[in-house]
Visitor: 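The following block contains the structure, expressed as structure tokens.
Order of the sequence lines fixes the chain letters, A, B, ..., with proteins taken first and strands second; residue numbering starts at 1 for each chain.
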Amino acid sequence: MLEITGLTHSYGPAGRARPALRDISLAVAGGELVSIVGPSGCGKSTLLRCVAGLIRPAAGTITLGGSPVERVPDGLAVVFQDYSRSLLPWLTVADNVALPLRRKRGSAPAAAGEADRTAGPARAGRRARREAARAALATVGLTSEGGRYPWQLSGGMQQRVAIARALACDPVLLLMDEPFGSVDAQTREDLEDLVLTVRGQRDITILLVTHDIDESVYVGDRVVVLTPGPGQVRADLRVSLPSPREQITTRQLPAFVQLRAEVGRLVRERETETGAHSERGAAGPVPGTEATAANTGTGQG
Amino acid sequence: MSTARIARHLGPAARYLAAAGRHLAPGGRHLTRWLVIAAAAGLWELWARAQQSPFFPPPSSILARLYHLWFAGPAAHLFLTPDATGNLLPSLGRILAGLAIAAVLGGAGGLALGRSRAGAAYLDAMLQFVRALPPVTLVPVFIAIFALGTPMEVATIAFGTIWPVLLNTADGASSLDPVLADTARAFRLPGWLRLVRLIIPAALPKFFAGLRLSVSLSLILMVFAELAGSSNGLGYEMNNAESSFNMTSLWAALVLIAILGNLLNAAELAAEHKLLAWHRNARQRRT
């Protein structure tokens, strides 16, 4: 359902652009949960932003459900890492969750259909939105927090609100950008299980970016490992762990331990290459001859 | 009473006041502040009575004049005298009208400027140049355009107070958190919703910061515009009092203007307090 071909992107002005992604190709089937893992600065977030249509890649194509992604596509929702900045502090939790439901009449949930419209479109819409927000909050276990403000909640609860907001618009593709990077370990495990539960209940495809190797294996059907920047696909591993997954027993399985070791090795492989990469990166703006010399230097050293 | 005895009596009182300021609940601290004001007024009273200077009448007679001039009216008129309704209300009306124009135009203009990178780039130098002009210098120009009277005074206040609102709002609108901007795009919020739910609330703290400056400016401009020539208002009363060497009335007008300034500030703070509760609380949580 999601098809990425030859995706390449770099930042900065044309002359001295800093490459972020190089020739990424990836196909994601409907209903899959794909973890994207890699060292920091490997372009994971850039990849997600390209898929979200937030940035236009320098080269390559992305198609979602057969149609090319040129701007933010329909049926897409995003959960950002920084929940405290992505939730609107001046709106209540319920209003935050209901906000994206006001986007387009067509994409509002089914309840706002033809039958209700005779009763006055604005009021029916509002009632349907409130109902959808309430249902989404129930999914993430925050039924009674709708009237509070985001800053009255803990970090984990705020990220639950962000997840509820994403689910409320009933997306086909959910993008999560290091969603649990800023919460404590216990909360992180709860949220990982929440994602797995949601995913079991709905027909939804999830792309989850993380720098946590354990997490990528625990939640994923597939783990895509990126190389250090500019990111390329280093490995695309299928996770064959039994469902439902459970924090303690799943992590004890030999298959889990083995896979996490393999992913860890693939992510860490950069350490031997990082020197060469950063040399090349730093030498980027200077003339080619010097860059070659620097490379040879590290090679010999 | 010898000075030593006075000092012995004042010592514990001063210590009490200092301790009250530090340890009492906010209400108590409020009381202390009023006590300080009362003490200052008392000292001024003693000094003025001792001096008998025609230029510095004692505060008690100033307050009495203040009361008789403006607040000794019938209950049906909220105790306002004809002098008050004829001078205090026009001044207050001009301030509010000027501030309203500045808030609406400055707020809307600031939003437009803050959201339009190109507009800000083109206009910034010009706006900074015009803003550097002291607003009171335009009074002669406005007198020429509008002649003496309320339109001239309102124009002076509006023109002078628009800048803090405009530039602060533009700053607030342009510095929308990038994560929030991304959120709005990722959820494809339509433009009007972005404006009403994201950009305006995000710019509101800066808007109020500007408005606070404008409120104090508006008082200066009101008095100046009315001193320049007016047939009513507090500035007109001051002109009158000064030309008839009525120092007590002049001081009473000054005290009244100070009271007015404090009330306007309090009103602005109350509005800010109500509208920006989220801002205060969210900031407290984060730090």
Visitor: Assess, by modelled atom type and distance only, whether the side chains of A:T187 and A:D190 contain a donor and an acceptor separated by less than 3.5 Å.
Guide: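 Distance-only check fails for A:T187 and A:D190.
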Visitor: Pairing donors with acceptors under 3.5 angstrom, does anything connect the side chains of A:T210 and A:E178?
Guide: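 The answer is no; no qualifying pair exists.
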Visitor: Please classify the contact of A:L91 with chain B as side chain, backbone, both or neither, using a heavy-atom distance under 4.5 Å.
Guide: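 Only the side chain of A:L91 comes within 4.5 Å of chain B.
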Visitor: From the options B:I259, B:L269, B:V215, select the one residue that forms a side chain to side chain contact (heavy atoms under 4.5 Å, CB included) with B:L264.
Guide: B:V215
Visitor: So, B:S214 side chain and B:T161 main chain: donor-acceptor pair closer than 3.5 Å or not?
Guide: yes
Visitor: With the threshold set at 4.0 Å, does a side-chain nitrogen-carboxylate oxygen contact exist between B:R212 and B:E272?
Guide: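 A salt bridge is present here (some side-chain N lies under 4.0 Å from a carboxylate O).
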Visitor: Applying a heavy-atom distance below 4.5 Å, give me the residues of residues 197-208 of chain B that approach chain A, sorted by number.
Guide: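 Checking residues 197-208 of chain B against chain A gives B:R197, B:L198, B:P201, B:A202.
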Visitor: Looking at A:Y11, I'd like to know if its OH atom is crowded, meaning that more than 12 non-hydrogen atoms belonging to other residues, nucleotides or ligands lie closer than 6.0 Å.
Guide: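 Check passes, neighbour count above 12.
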Visitor: Please state whether the side chain, the backbone, both or neither of A:R49 comes within less than 4.5 Å of a heavy atom of chain B.
Guide: side chain
Visitor: Just by distance, do the side chain of A:K44 and the backbone of A:G38 share a donor-acceptor pair under 3.5 Å?
Guide: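 Here the side-chain-to-backbone pair exists.
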Visitor: If we ignore hydrogens and angles and just use 3.5 Å, is the side chain of A:T63 paired with the main-chain N or O of A:G66 as donor and acceptor?
Guide: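 No, A:T63 side chain to A:G66 backbone: no donor-acceptor pair under 3.5 Å.
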Visitor: Which region of A:A52, side chain (C-beta onward) or backbone (N, CA, C, O), has a non-hydrogen atom less than 4.5 Å from a non-hydrogen atom of chain B, or is it both or neither?
Guide: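 When you check distances to chain B, no heavy atom of A:A52 falls under 4.5 Å.
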Visitor: Would you mind checking which part of B:D177 comes under 4.5 Å of any heavy atom in chain A, side chain (CB onward), backbone (N, CA, C, O), both or neither?
Guide: side chain
